[in-house]
4 protein chains.
Amino acid sequence: MANKAAPDASRRSERSRRAIFDAALSLVGEVGYDKLTIEGIASRAGVGKQTIYRWWPSKAAVLLDAFTAGVDEYSTQGLPDTGDLAADLKSVLRATADEFNDPVFQAPYRALAAAGANDEELSRTFVARLMEPGTLVYVERLRAAQEAGEVAAGIDVRVAVEMLLSPFSQRWLMRTGELTYDYVDTLVDLVLRGLRPRD
Amino acid sequence: MANKAAPDASRRSERSRRAIFDAALSLVGEVGYDKLTIEGIASRAGVGKQTIYRWWPSKAAVLLDAFTAGVDEYSTQGLPDTGDLAADLKSVLRATADEFNDPVFQAPYRALAAAGANDEELSRTFVARLMEPGTLVYVERLRAAQEAGEVAAGIDVRVAVEMLLSPFSQRWLMRTGELTYDYVDTLVDLVLRGLRPRD
Amino acid sequence: MANKAAPDASRRSERSRRAIFDAALSLVGEVGYDKLTIEGIASRAGVGKQTIYRWWPSKAAVLLDAFTAGVDEYSTQGLPDTGDLAADLKSVLRATADEFNDPVFQAPYRALAAAGANDEELSRTFVARLMEPGTLVYVERLRAAQEAGEVAAGIDVRVAVEMLLSPFSQRWLMRTGELTYDYVDTLVDLVLRGLRPRD
Amino acid sequence: MANKAAPDASRRSERSRRAIFDAALSLVGEVGYDKLTIEGIASRAGVGKQTIYRWWPSKAAVLLDAFTAGVDEYSTQGLPDTGDLAADLKSVLRATADEFNDPVFQAPYRALAAAGANDEELSRTFVARLMEPGTLVYVERLRAAQEAGEVAAGIDVRVAVEMLLSPFSQRWLMRTGELTYDYVDTLVDLVLRGLRPRD
DNA sequence: TATTAATCGAGACGGTACGTCGCGTCTTACC
DNA sequence: GGTAAGACGCGACGTACCGTCTCGATTAATA
């Protein structure tokens with residue numbers, strides 16, 4: 001099926017790979033995604049264009065790898081469980097708000113979310129590598145709360161997490177509002193209001 | 001101060017305007033947003049490039065106008081109010097799901113959502129022209145329900161609507177799940193669970 | 001038959017055409033034919049690459065036109081006919097030797113002769129536009145001499161001219177010897193020796 | 001002083017050398033000189049690129065060696081001397097015409113002649129290895145004829161040979177005419193007309 | 001006959017130029 | 001003055017080769 005002879009990954013230059021990531025991330029911050037070019041990345045990385053084309057199919061793929069490589073370092077270690085569900089959710093979501101408000105983070109993340117909208121393949125990878133892990137820790141925390149009786153049985157935890165995270169992401173992506181601590185708190189409280197078991 | 005002499009809109013060719021919209025919408029469906037070009041639109045519309053550049057600043061703006069022109073025909077007339085809030089929300093959201101599942105609708109809408117992520121100006125227009133009107137009718141319906149005592153007082157209705165619509169949009173945009181009637185119903189039920197007044 | 005829509009020559013930019021010629025001729029002198037590039041010409045001429053590709057199929061064609069445009073100014077006005085055939089031939093051939101020894105002339109001419117060897121189409125144009133006119137004046141002069149009885153009847157004048165001009169060109173092209181006045185004189189004398197009528 | 005460590009010729013792979021020659025000659029016939037590439041030769045020869053770069057400085061040099069190796073087999077053994085100078089010259093020149101009309105011979109020879117025009121170094125080697133030996137046998141034959149009194153004393157034999165061979169080569173290289181037996185005969189007769197001693 | 005150092009096939013690398021596409025501007029002729 | 005048409009300067013695309021380089025794996029002179 002593969003008609004392009006796959007290059008030999010064992011001979012790949014680690015130095016070039018890193019330089020490409022650095023160049024891609026810094027450039028996307030400086031000029032924006034639309035004006036980000038493969039030539040620009042290659043030139044800043046001190047690398048031949050072919051070295052990029054050899055290993056990635058598109059600038060979106062480069063950026064996704066670059067961004068992922070930078071993010072992977074926070075190995076996600078699950079949400080805190082202090083027993084106070086609302087407090088736990090608020091604390092983590094506030095931290096996420098800080099991150100989403102950080103300009104360095106914004107440019108590549110926005111670019112990838114946007115590119116994903118028009119490229120199904122990319123979108124799947126984006127979700128699987130960047131969104132899914134973050135979502136799962138919420139799912140687990142809610143599941144634990146459900147077992148502890150803090151969340152009503154029978155509730156679809158997955159949907160509950162969407163109710164929490166999607167408004168947050170959407171606000172940010174569409175710029176329909178600021179991601180303030182107040183907003184986060186309001187959102188968590190309203191979501192939890194719907195999850196609590198009835199007396 | 002305006003150094004670009006504003007064109008005289010009264011002499012504008014309506015035939016060209018329409019042809020450009022048709023060309024833009026059909027092309028974005030055929031080749032996708034990334035491969036949609038001004039030259040392509042002009043050529044299919046049988047129009048000079050300058051005629052496009054004279055009236056729009058970018059291909060995104062053309063597409064936004066084209067799409068809006070097509071959508072404006074459903075003049076939004078408010079949500080039904082049968083007295084059964086859950087039923088009203090489900091019925092409208094199911095209809096929206098059908099719309100979002102329609103391929104003709106998808107390509108331009110995805111394209112615009114994506115383009116907005118990297119273009120703040122465009123994003124504001126997109127939200128104001130396409131998303132805000134749809135959101136408002138939900139806000140009004142919930143406000144009415146709140147006054148009728150079906151929704152707890154003190155709840156931020158705006159946030160409540162986000163909890164309903166964002167998971168829906170997000171699923172679709174990121175392709176994290178299908179927009180089925182089941183999903184819609186589950187979502188409405190779970191959101192309403194949190195809105196109901198406590199005994 | 002023409003599958004490429006021919007561009008509209010009436011809208012062609014004369015200024016660009018000239019700038020391209022100048023750039024091509026100066027560059028071929030500076031860097032040689034092999035390192036002459038379309039990009040280089042475009043860049044020096046202050047012209048887009050496409051403007052070159054629109055009007056010429058190859059760098060050889062550009063150079064041929066550029067060179068021809070420069071040469072066409074000497075409208076060939078026939079060989080002198082002083083009655084002394086040997087003197088006439090020597091004087092013109094000496095002038096040609098001077099020309100061939102001029103570095104400005106050499107680079108493009110060599111390049112074109114070489115490119116023609118591998119490109120039949122180009123070769124025909126090169127011969128027709130640059131070599132044939134020069135050859136014809138010799139043919140005419142010899143024909144006149146033949147009618148005057150200075151050259152034996154029955155001699156193939158065309159072949160006679162080749163005997164005169166080819167050794168000259170060949171020496172130059174292959175660098176097998178210098179084009180001195182002595183050489184020219186020897187050559188003319190030896191050729192004429194074979195042309196004279198027998199007693 | 002030599003900063004490039006000279007490779008050790010004694011360990012050289014004869015099999016590779018031959019494969020490179022075969023590949024170069026067949027490729028130049030198939031795709032022409034301009035599209036002949038080192039990578040293409042290496043690939044067809046089943047050889048690493050470095051093996052070519054180790055032993056030759058350019059594709060022209062490879063081709064020259066390849067062609068020379070093929071040609072060297074006819075060890076030139078002097079022109080026949082039957083006593084009839086015209087007949088001797090015609091017979092050899094007719095054979096040469098056949099050779100120049102052979103497609104297998106044409107591609108590399110044309111390519112080398114052309115490459116030589118723009119590369120003085122190559123040109124000297126080309127002349128010395130391929131043209132000079134062929135020329136010398138004519139010079140010797142004419143010298144013999146001169147001593148036998150068939151050619152006038154005092155004639156520059158070298159120039160006489162040029163008068164014979166250059167028109168021939170030039171015709172072929174520039175495609176200004178066919179190399180027929182008739183042409184050869186005419187040429188020989190006209191040249192000899194000029195060489196014969198006067199009564 | 002085993003050692004060992006250079007050559008070998010392979011192909012990744014930093015580059016340059018290719019020929020094409022589309023941008024946004026400008027010019028021309030028409031209506 | 002708006003329009004269809006399209007040439008222009010420009011910049012990026014994705015590809016092809018350049019000549020250099022680094023890898024084991026032969027492989028042929030020497031120990």
Side-chain angles (χ1 to χ4, degrees), chain A residues 5 7-13 15-16 19 35-43 45-55 57-59, chain B residues 4-5 7-13 15-16 19 35-43 45-55 57-59, chain C residues 5 7-13 15-16 19 35-43 45-55 57-59, chain D residues 5-17 19 35-43 45-55 57-59:
Chain A
D8 179 347
S10 72
R11 324 191 86 195
R12 183 165 185 183
S13 161
R15 135 187 291 278
S16 295
K35 294 192 179 167
L36 178 68
T37 64
I38 299 271
E39 291 205 333
I41 297 171
S43 153
V47 139
K49 277 201 287 180
Q50 201 56 47
T51 299
I52 299 183
Y53 284 112
R54 184 153 34 230
W55 302 109
S58 65
K59 71 173 177 178
Chain B
K4 284 281 173 183
D8 178 347
S10 70
R11 321 190 103 215
R12 183 167 187 184
S13 159
R15 129 189 294 279
S16 294
K35 294 191 180 168
L36 178 69
T37 65
I38 299 272
E39 295 207 335
I41 297 171
S43 157
V47 139
K49 281 199 286 178
Q50 200 54 251
T51 300
I52 299 183
Y53 284 112
R54 186 158 24 236
W55 303 108
S58 65
K59 70 173 177 177
Chain C
D8 179 347
S10 72
R11 324 191 85 193
R12 183 166 185 183
S13 161
R15 132 187 292 278
S16 295
K35 294 193 178 166
L36 178 68
T37 65
I38 300 272
E39 291 205 334
I41 297 170
S43 154
V47 139
K49 278 200 287 180
Q50 201 56 47
T51 299
I52 300 184
Y53 285 111
R54 185 154 31 232
W55 303 108
S58 65
K59 70 173 178 178
Chain D
D8 179 347
S10 70
R11 327 192 90 199
R12 182 167 186 184
S13 161
E14 178 61 14
R15 131 189 291 279
S16 294
R17 198 176 133 270
K35 294 192 177 167
L36 179 68
T37 66
I38 299 272
E39 294 206 336
I41 297 171
S43 157
V47 138
K49 280 198 289 178
Q50 200 55 251
T51 300
I52 298 183
Y53 284 111
R54 184 155 29 233
W55 303 107
S58 67
K59 71 173 177 176

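Each chain gets a letter, A, B and so on, in the order the sequences are listed, and its residues count up from 1.
Residues D:Leu36 and B:Ser16 both approach DNA chain F. Their nearest nucleotides, taken by heavy-atom distance, put B:Ser16 toward the 5′ side. Both A:Lys59 and C:Arg15 sit near DNA chain F, but only C:Arg15 has its closest nucleotide nearer the 5' end.
OP1 or OP2 of E:dA6 has not a single side-chain nitrogen or oxygen of D:Trp55 nearer than 4.0 Å. Of the side-chain N and O atoms in D:Thr51, none sit less than 4.0 angstrom from OP1 or OP2 of E:dT7. Using a 4.0 Å cut-off, no side-chain N or O of A:Ser13 falls inside it from OP1 or OP2 of E:dA12.
Judged by atom type and distance alone, D:Lys49 does not reach the base of E:dG9 through any side-chain donor-acceptor pair under 3.5 Å.
Put simply, CD on B:Gln50 is 18 Å from C1' on E:dC31, counting in whole angstrom units. Between the P atom of F:dC10 and the CD1 atom of C:Ile38 lies a distance of 17 Å, rounded to the nearest Å. Following rounding to the nearest Å, D:Tyr53 (OH) and F:dT22 (P) show an atom-to-atom distance of 17 Å. Distance, A:Ile41 CD1 to F:dA12 P: 12 Å, rounded to whole Å.
A:Thr51 places a side-chain heavy atom less than 4.5 Å from the side chain of A:Arg54.
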Taking N or O atoms only and anything under 3.5 Å, show me the protein contacts with nucleotides 25-31 of chain F, one pair per line.
residue : atom : partner : partner atom : Å
F:dA28  : N3   : D:Arg11 : NH2          : 2.8

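Separation of atoms NZ (C:Lys35) and OG1 (C:Thr37) is listed at 11.5 Å; rounding is to 0.5 Å.
Stacking of B:Arg12 on the aromatic ring of B:Trp55 is recorded, both the 6.0 Å distance cut-off and the 45° axial limit being met.
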